[in-house]
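The structure displayed is predicted, hence computed values, not measured ones.
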Amino acid sequence: MPNDRSGGANPGRRHVIPLPCVRVTMSGQDFPVPNPVETAAFRSALRAIVGSVSIVASGQGPDRRGLTVTAAVSLCVEPPMVLACINRSAEAHDVILRTGAFSWNVLAADQVQLAERFAAIDGSKGASRFSPAEWDERVTGVPVLRQSVCSFDCRLQNSVEVATHTIMIGAVVGQNHNQSKVPLIYSSGRFGRMEYFESVG
């Protein structure tokens, strides 16, 4: 997925995992570091993975920032928590750490234009990406997409730096869910939509 890399204090706990890492600070266990695979081959293999397309957003007013991601997932149900992997060069990265909040917005199949806008394909940056007709606010005050498949309003609980990215872990304090929406997916450099099979008896 094309990632926007355009370019505070962290209210949550923060761990740093250097690369290559020999110790994972959250578990306190040591792990051997194998020889990594070749970067181009790894990137090529990742393109074959089918991913849900989302926008992670943060900030308020003129400080709103967001980017298109495929690396965002649920973490646990009790308590409700999610995580998103954000490139440290992305505009939204420091805003999330500074404000201590972010939203995870899962896009629908009819929102390709939004995915491309927040991936900087049209050259847009910053708060200009946010149209007032498309975005709302819930508990934390960060932008939440109205017509997404589902959106989660999160308070930042923890952040873990790994190489070029930071894993943002958030507690869900608000959500939207439009059950009629079909998710947007991304694989092999192309957008697509989900197709469901009839159950086989």
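By the side-chain hydrogen bond (donor to acceptor under 3.5 Å, both in side chains) test, S148 is found to be paired with S151, residues two or more places apart in sequence or in another chain being considered. Residues passing the side chain to side chain contact (heavy atoms under 4.5 Å, CB included) test with V50, sequence neighbours excluded: I185, S187. In terms of the side-chain hydrogen bond (donor to acceptor under 3.5 Å, both in side chains) criterion, Q175 has no residue partners (sequence neighbours excluded). Residues passing the side-chain hydrogen bond (donor to acceptor under 3.5 Å, both in side chains) test with D110, sequence neighbours excluded: K181. Not counting sequence neighbours, the partners of T140 by the side chain to side chain contact (heavy atoms under 4.5 Å, CB included) test are A101, V142, D153, R155, V173. Not counting sequence neighbours, the partners of R146 by the side chain to side chain contact (heavy atoms under 4.5 Å, CB included) test are D136. Partners of D63 under the side-chain hydrogen bond (donor to acceptor under 3.5 Å, both in side chains) rule, at least two apart in sequence or in another chain, do not exist in this structure. Looking at residues two or more places apart in sequence or on another chain, you find no side chain to side chain contact (heavy atoms under 4.5 Å, CB included) involving R47. The salt bridge (Lys or Arg N to Asp or Glu O under 4.0 Å) test applied to E134 returns R117, not counting sequence neighbours.
T166 and S159 form no side-chain donor-acceptor contact under 3.5 Å, judged by distance and modelled atom types alone. No hydrogens or angles considered: nothing links the side chains of N178 and S180 as a donor-acceptor pair under 3.5 Å.
Without hydrogens or angle criteria, Q111 side chain to A108 main chain gives a donor-acceptor distance under 3.5 Å. A side-chain donor-acceptor contact under 3.5 Å links T68 to the backbone of A119. With E38 contributing its side chain and A41 its backbone, the two residues share a donor-acceptor pair below 3.5 Å. No donor-acceptor pair closer than 3.5 Å links the side chain of S128 to the backbone N or O of S124.
In this structure, CZ on R65 lies 15.0 Å from NE2 on H93, to the nearest 0.5 angstrom. Taking OG of S58 as the start and CZ of R98 as the end, the distance is 8.0 Å to the nearest 0.5 Å. Here CG of L67 is found 4.5 Å from CD1 of I86. Values are rounded to the nearest 0.5 Å.
Listed by first and then second residue, the ring pair (Phe, Tyr, Trp, His ring centres under 6.0 Å) pairs involving residues 135-158 are W104-F152, F118-W135, F130-W135 (not counting sequence neighbours).
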#### Entry: Step-by-step side chain to side chain contact (heavy atoms under 4.5 Å, CB included) determination, M168 to L97
CA-CA 9 Å; M168 306 291 187; L97 295 178; 3.8 Å; yes

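Counting heavy atoms from C-beta on, the side chains of L107 and I55 come closer than 4.5 Å. Two residues are said to be in side-chain contact when any heavy atoms from C-beta on lie closer than 4.5 Å; C154 and V82 meet this criterion. Counting only heavy atoms from C-beta outward, the side chains of Q113 and D122 never approach each other to under 4.5 Å.
Note on V77 and L83: separate hydrophobic clusters, where clusters join Ile, Leu, Val, Met, Phe, Trp and Tyr whose side-chain heavy atoms are under 4.5 Å apart, directly or indirectly. A continuous path of ILVMFWY side-chain contacts below 4.5 Å connects L75 to V73, so both sit in one hydrophobic cluster.
Scanning all heavy atoms of the two residues, the minimum distance from R88 to H165 falls at NH1-O, 3.4 Å. Nearest heavy-atom pair, A127 versus G61, reported as atom, atom and distance to 0.1 Å: CB-O, 3.9 Å. Heavy-atom minimum distance, V149 versus H177: O-CD2, 3.4 Å. Contact record, V144 with N176: CG1-ND2, 3.5 Å, taken as the closest heavy-atom pair. Among all heavy-atom pairs drawn from P143 and N105, the shortest one is O-ND2, 4.3 Å. Counting all heavy atoms, side chain and backbone alike, V69 lies closest to C85 at CG1-O, 4.5 Å.
Hydrophobic clustering, defined by side-chain heavy atoms of Ile, Leu, Val, Met, Phe, Trp and Tyr closer than 4.5 Å, leaves F197 isolated from every other such residue.
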